[in-house]
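Positions are given from 1, in the same order as the sequence printed here.
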Amino acid sequence: MIVDVKMPGGAGLFMVPGAVADMLSEGVPSVYLAVYIYTLRQLQSGHLNITNDAIAEALKISTIDVVNAFLFYSSRGLIKIHGFTSVDDTDFDVEFCFDTLCPQTPVPFRPSYKAAEISKRLRENPRMSQMYKIVSQMLGKTLSSADTELLYSFHDYYGLPIAVIVVMVEYYVSKGKRTMKYIEKEACKWSSAGIDTVEKAKNYIQKREEFVSYAGRVRAIAGINERRLTTRELDYINKWQNELSMPLDMVKLAYEKTVNQTGRLSFAYMNKILESWSKEQVTTSEQIVARQTKQKSNKGDARYDFDALQKQALQAVKHTAERKEANGI
């Protein structure tokens, strides 16, 4: 059912919130948008007793798709759900929010799937069925119902091809990350990064390995042994490697200069140094040594000039004293 609220708009038309339309460019499944607009139309027409099953039948989709659509828009604060217990219980009420977002804490969203639906898809897609067997072997266990659902979401919701999923799981298992919850977080990142081929997956892994190696060396340079790098520190390191293209010996020089001038480790201070070097197109330790030698030379020249001026001043004072003495003053 739909909770009756005042509907904006004139006769013969109804309004769709801009936030919903904006989601068209965010990759939101079109079926979710269809559920929202169709249900909104029922509200505008006064059909408040429509059920989720009826919406599914009208749109020629599964009831679980309808439930997931409402859960998604609820997570974005665009509707409020009343009386929801689980995805297996589709008898709940939906309230649309128009002027402001519904007063609730947004929650991360991932669609839920019924076991029967997954089993049906596996029977229809032998390659997906094979993927489940391979992943089970990699993890060294029989997949639980929760694992089965998560793995299915990697392809159905996050949009990763089956071959890419196999490469992804194999990589993180090799790193000792064997929980599907952890791998799900990475699946979200891979999806956002547009990794839709095995070649892109291998390139992503290579870059990640290079970053891990680079970050490990920076950690050793900075003497960070008892704790993990913070998110902010990792952001700086990523910038030094991928934006500034700073060799590790330059990072070491920046670290030494930071400690000499501040007496402590400061990633922010190191970043300022490395940014200035990058701006000046100083990219090698040899250039830094040459600059330091020049600076010392300039200081030496400045010292010599000062000594010469001081000597001239003393001579002038001596000459004045001798002249005064000669004049009997």
Side-chain angles (χ1 to χ4, degrees), residues 23-24 26-35 52-53 55-57 59-73 75 86-90 107-208:
M23 290 177 186
L24 287 169
E26 297 179 14
V28 175
S30 59
V31 67
Y32 292 179
L33 184 63
V35 170
N52 290 333
D53 289 333
I55 295 173
E57 184 178 356
L59 296 176
K60 303 298 187 293
I61 60 177
S62 67
T63 304
I64 192 66
D65 282 336
V66 177
V67 173
N68 281 325
F70 287 141
L71 291 175
F72 171 77
Y73 287 113
S75 73
S86 71
V87 292
D88 294 317
D89 180 10
T90 61
V107 294
F109 171 79
R110 177 179 55 79
S112 298
Y113 307 92
K114 290 186 177 181
E117 178 188 359
I118 297 177
S119 297
K120 179 176 181 292
R121 298 288 178 87
L122 293 182
R123 289 193 300 270
E124 296 171 347
N125 190 338
R127 292 185 67 245
M128 182 174 289
S129 179
Q130 183 65 21
M131 176 190 71
Y132 271 83
K133 294 178 182 178
I134 294 173
V135 171
S136 178
Q137 292 172 355
M138 288 178 181
L139 297 177
K141 68 173 186 176
T142 301
L143 298 179
S144 66
S145 58
D147 291 337
T148 300
E149 188 175 344
L150 278 176
L151 185 56
Y152 184 73
S153 74
F154 295 170
H155 179 68
D156 182 76
Y157 178 65
Y158 293 112
L160 297 177
I162 291 174
V164 170
I165 294 173
V166 172
V167 172
M168 178 182 68
V169 174
E170 181 181 30
Y171 172 67
Y172 288 110
V173 168
S174 72
K175 295 298 179 181
K177 309 297 184 180
R178 310 180 73 87
T179 67
M180 290 296 288
K181 278 292 186 183
Y182 177 88
I183 298 175
E184 182 194 13
K185 295 178 182 178
E186 298 305 316
C188 181
K189 295 177 184 177
W190 284 42
S191 177
S192 299
I195 302 175
D196 53 7
T197 67
V198 171
E199 182 180 1
K200 289 181 180 179
K202 291 181 178 179
N203 289 337
Y204 182 89
I205 290 173
Q206 180 180 349
K207 288 183 179 180
R208 187 179 188 278

[atom1]-[atom2] distance between [X] and [Y], expressed to the nearest 0.5 angstrom:
| X | Y | atom1 | atom2 | value |
| --- | --- | --- | --- | --- |
| Leu143 | Gln137 | CG | CD | 10.5 Å |
| Leu151 | Met131 | CG | CE | 4.0 Å |
| Ile64 | Leu71 | CD1 | CG | 8.0 Å |
| Ile205 | Lys202 | CD1 | NZ | 9.0 Å |
| Tyr32 | Met23 | OH | CE | 12.0 Å |
| Ile165 | Ser153 | CD1 | OG | 8.5 Å |

Exercise. With side-chain contact (heavy atoms from CB on, under 4.5 Å) as the test, would you mind laying out the steps for Val35 and Leu59 before giving the verdict?
Key: CA-CA 8 Å; Val35 170; Leu59 296 176; 3.9 Å; yes
Quiz item: Above 12 or not: heavy atoms from other molecules or residues under 6.0 Å from NZ of Lys141?
Solution: yes
Quiz item: Counting only heavy atoms not in Glu124, do more than 12 sit closer than 6.0 Å to its CD atom?
Solution: yes
When you measure from the side chain of [X] to the backbone N and O of [Y], does any donor-acceptor pair fall under 3.5 Å?
| X | Y | answer |
| --- | --- | --- |
| His155 | Pro161 | no |
| Tyr132 | Thr148 | yes |
| Ser192 | Cys188 | yes |

Exercise. Could you go through the side-chain contact (heavy atoms from CB on, under 4.5 Å) check for Val166 and Met138 one step at a time?
Key: CA-CA 9 Å; Val166 172; Met138 288 178 181; 3.7 Å; yes
Quick one: are [X] and [Y] in side-chain contact, heavy atoms under 4.5 Å?
| X | Y | answer |
| --- | --- | --- |
| Glu184 | Tyr158 | yes |
| Val135 | Asp147 | no |
| Phe154 | Met168 | yes |
| Leu150 | Tyr113 | no |

Quiz item: Is it true that the side chains of Asn52 and Thr63 contain a donor and an acceptor less than 3.5 Å apart?
Solution: no
Please report the shortest heavy-atom distance between [X] and [Y], naming the atom on each side.
| X | Y | value |
| --- | --- | --- |
| Thr142 | Ser136 | CA-OG, 4.0 Å |
| Val164 | Ile195 | CG1-O, 3.9 Å |
| Leu122 | Met128 | CD2-CG, 3.4 Å |

Quiz item: Yes or no on side-chain contact (heavy atoms from CB on, under 4.5 Å) for Lys120 and Glu117, after CA distance, side-chain angles and deciding distance?
Solution: CA-CA 5 Å; Lys120 179 176 181 292; Glu117 178 188 359; 5.7 Å; no
Quiz item: With sequence neighbours left out, which residue pairs that include part of residues 167-178 fulfil the side-chain hydrogen bond (donor to acceptor under 3.5 Å, both in side chains) condition?
Solution: Tyr171-Arg208, Tyr171-Glu209, Tyr172-Glu186, Tyr172-Trp190, Lys175-Glu209
